[in-house]
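What you are looking at is a predicted structure, and each value in this text was computed from that prediction instead of being measured.
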Amino acid sequence: MSSKIIFPVISTADIPAFHTRRTIRRAPINLVLIGIMAFIALVAAVVTVLLATSANSQSTALACSEAASRLYLPDGPHANYFYSDCQASTHVIVTSPQPADNPSIVKPRLLVAWPAGNSGILAMFEPGSGQPGTLSMRMNSDSTEALSPIYEAGGANPRVGVSGSITFNDSAILAVPVLGSIRSIRDYTEGGNIDQAFQSSFGFAENADGSAAINRTWFDGVTTSTIKFTPQNGAQKITINRDAKWTLSFGSGSYKFEASNNYPQLDQLSPQEVLSSSSTGLISQNPEQTTSLAFLSYSNKLLAGTWRFLTYFGRDSMISMLLMQPILSQAAIEAVIAAVLERVNRQDGTVCHEEVLGDYATYLNRKKGIDSSKPGCDYKMIDTDFMLPIAMQRYFVDTQPGQQNSDSFFAKTATFLVENEGLTYAQLAQLTAEKIMRIAAPFANSQTKANLIHLRDGEQVGEWRDSNNGLGGGRTPYDVNAALVPAGLRAIAALSRAGFFPAHADWKDTADQYAQIWEDSTLQFFEVTVLQADAKARVQSYVSAVGLPVPANTERITQDVKFYGLAVDGAINSGNAVPVMNTDDAFRHFFLNATNDTQLSAFLDQSASHILQPFPVGLATDVGLLVANPAYAGDAAFAAGFSQKDYHGTVVWSWQLSMMVAGLGRQLGRCVASDKPGKLHIARTRFVF
């Protein structure tokens, strides 16, 4: 979603967080403004990527010391409401098809999502008439005041949630309820499938006042999710249809809903706690973005993408932290790094990609024959390991607050994963660093393609382009090998010089030596060169094959086209570089200060060419840089896998724009330092904003 960056745009249209993207038909982003405003645009773009709310407070049964935080964000057919207080944080989405929507895709629904337990409730509605596209629904208040809190003390954990009021334009049937896990709701909305184990334990209740409720006890036998509807203003009473599949029937009119559960809640950070003291002015300047940022920020982790993800994702958290570091508080930064360390695999040092907790964790444990609700982790990604030492260096070595807090922070012991209990953060960090040094050694000793870092056996994905065709079938990613590995090694060397990893004092030199080899010797494997005449022909053929509604602009191709492909070791191009132009140069710009002057100058020059040239010659469009351009592949069938409808196709991802801006700013900033290699050549490159 992985982003999913954490800093997720609200995934209201069923688009994940860090994986927030735009097709070239969405509202435009002003690239010139991004370039000019560099840091401000970086902050705004990334913060916007995070939609949600903050943790101030209010409660009906237990008063909070601060007022509740509320936010209303309309987005096409999806109306988003956020409510947070000292008891709980809740995101409610009311979806009602608009006239231009496909009724087989956009259907009426009420969705309630809680960060705690990665839990939620989905109510899918159908027209009582049976005529698709005739039912609409809306919240009765399109404002921040639409939701009220639920708090009921009792038992080990209080019952918390929200209530609101919805109106149907006609009779409706609640045809599909899903109660418990956001993961199971995501499974249903993405593929229409859900394990019936989640659907076989509902309790239905019909009450004398015309109300009705559905509840489900989680697999842990303790936690219960409940949704209740009550007619208002003379609306028809709700009835249970006891057919093969039980449903609820509603008339037209207004109904109050109450959604709640009794799972332990998280400690949310307020906007004032998420932002550094020097950045709190952003709260008044950008109240929606900062409130959104706070909704996904907690004392023990930052979350990716509401509603679809709404839990820990290692890559998303660290990229977001690194991009937003200038404005984040110490508490937020340390929450990110602590969450990553807590979830490191103690067996081999692999960093967790996505956590599994709550109802879904119990479900997966049961499938393994384990009667437990203990959380687990997904460790299939190969890129996230290298980001941990980078994040550690940029805070604990490069900043004074980090230096001051380092000893106490790394003395903490892990508590999240049962298997890591008793290990200190220092020990867990060393496990990851040892893994990186171990897997980087073969290429450092012998620079062959076989010694690069590959996807795990049996896995189709392993880095941010984590859709099945994201790497074009390649198994050895460009961003990981040419940027993240050397950057991770440089960070390990810097950490070692600062006193980290005392058992491996040699790393201060060895890691730098490895990094130099990886920096200088990996680009060659991913290089793609298309001769000028062939490049023109391929672009024109691509435009014709896909019916692209933009000019080919082949007159702009004035020389051979050179770029670095998505990956190697795929079926196309005889296993050599996958010939898809892309934005992953941003990783090298943002994470590395390469020292090979000649190579650096040429690399920056080709980046400049691609981001300034219009698609399909380059990557530029009116709404931003496309993350992939398959025009030079010379294979129409292959290029079809990178369409505007594909997750990592000819689409725009906002965090990639932010990273490109930040990376180019980092490289251009080196021009002012006379002792930095590459100064003169960088100054002569063709970046024009």
Side-chain angles (χ1 to χ4, degrees), residues 1-21 46-55 69-85 88-95 109-122 139 144 146-147 160-162 164 178 180-190 259 261 263 265-266 268-271 274 288-298 300-313 316-317 320 324 332 335-336 339 354-355 357-358 360 654-655:
M1 164 117 192
S2 274
S3 308
K4 307 129 285 54
I5 264 176
I6 235 183
F7 296 1
V9 162
I10 281 185
S11 307
T12 56
D14 294 343
I15 296 173
F18 172 78
H19 310 285
T20 298
R21 59 176 190 153
V46 179
V47 171
T48 300
V49 191
L50 243 179
L51 290 174
T53 355
S54 89
S69 173
R70 300 169 182 267
L71 188 62
Y72 167 59
L73 295 169
D75 182 17
H78 313 282
N80 297 270
Y81 304 85
F82 296 87
Y83 180 91
S84 299
D85 62 21
S89 303
T90 311
H91 177 190
V92 174
I93 308 103
V94 176
T95 300
R109 74 180 184 190
L110 171 67
L111 196 156
V112 184
W114 292 281
N118 194 216
S119 56
I121 293 174
L122 171 67
M139 192 82 85
T144 58
L147 299 177
V160 297
V162 292
V178 182
S181 169
I182 286 293
R183 285 284 296 270
S184 57
I185 295 174
R186 195 169 87 202
D187 289 345
Y188 176 78
T189 59
E190 289 184 350
N261 69 41
Y263 191 83
Q265 298 298 300
L266 300 174
Q268 187 178 328
L269 301 178
S270 69
V274 175
E288 287 188 355
Q289 288 96 331
T290 51
T291 299
S292 298
L293 171 61
F295 184 82
L296 298 179
S297 302
Y298 296 83
N300 60 352
K301 58 185 173 181
L302 271 64
L303 311 182
T306 184
W307 64 271
R308 300 179 73 85
F309 298 94
L310 206 55
T311 194
Y312 161 95
F313 281 77
D316 308 45
S317 300
S320 298
M324 299 181 70
V336 169
E354 176 185 4
E355 69 181 359
L357 72 169
Y360 211 82
S654 57
W655 72 266

- Item | Donor-acceptor pair between W114 and T90 side chains, under 3.5 angstrom | yes

- Message: What verdict does the salt bridge (Lys or Arg N to Asp or Glu O under 4.0 Å) test give for R186 and E354, after you've listed the backbone C-alpha separation in whole Å, the side-chain angles of each residue and the deciding distance to 0.1 Å?
- Response: CA-CA 14 Å; R186 195 169 87 202; E354 176 185 4; 3.7 Å; yes

- Item | Rounded distance (nearest 0.5 Å) linking atom CZ of F309 with atom OG1 of T311 | 11.0 Å

- Taking S184 for the side chain and S181 for the main chain, is one N or O donor matched with an acceptor at less than 3.5 Å? yes

- Message: Could you tell me if the side chain of F82 sits less than 4.5 Å from the side chain of S69, heavy atoms only?
- Response: no

- Message: Whether the Y360 and D187 side chains hold a donor-acceptor pair (N or O, under 3.5 Å, no angle test) is what I'd like checked.
- Response: yes

- Within-4.5 Å side-chain heavy-atom neighbours: L147 and M139: yes

- Would you indicate whether the side-chain heavy atoms of L122 and R109 approach each other to under 4.5 Å? yes

- Message: Between L296 and T306, is the side-chain contact (heavy atoms from CB on, under 4.5 Å) condition met? List the steps.
- Response: CA-CA 8 Å; L296 298 179; T306 184; 4.2 Å; yes

- Between A259 and V112 the two heavy atoms that sit nearest each other are CB-CG2, 3.8 Å

- Which atom of Y81 lies closest to which atom of V94, heavy atoms considered: CE1-CG2, 4.4 Å

- Task: Could you walk me through whether S89 and Y83 pass side-chain contact (heavy atoms from CB on, under 4.5 Å), step by step?
- Result: CA-CA 6 Å; S89 303; Y83 180 91; over 6 Å; no

- Taking every heavy atom of R70 against every heavy atom of T144, the minimum-distance pair comes out as CD-O, 3.2 Å

- Shortest non-hydrogen pair, I185 vs W307, comes out as CG2-CZ3, 3.6 Å

- Message: Determine whether a donor-acceptor pair (N or O, by modelled atom type, separation under 3.5 Å) exists between the side chain of Q268 and the backbone of L266.
- Response: no

- Message: For the backbone of A116 and the side chain of Q265, can you confirm whether one donor and one acceptor N or O come within less than 3.5 Å of each other?
- Response: no

- Note on the structure: In short, T290 meets P271 closest at the heavy-atom pair O-CG, 3.9 Å

- Message: Applying the side chain to side chain contact (heavy atoms under 4.5 Å, CB included) criterion to N80, which one of V92, T95, L71, L73 satisfies it?
- Response: L73

- So which heavy atom on L302 is nearest to which on A335, and how close? CD1-CB, 4.1 Å

- Query: Donor-acceptor pair, N118 side chain versus L310 backbone, under 3.5 Å?
  - Reply: yes

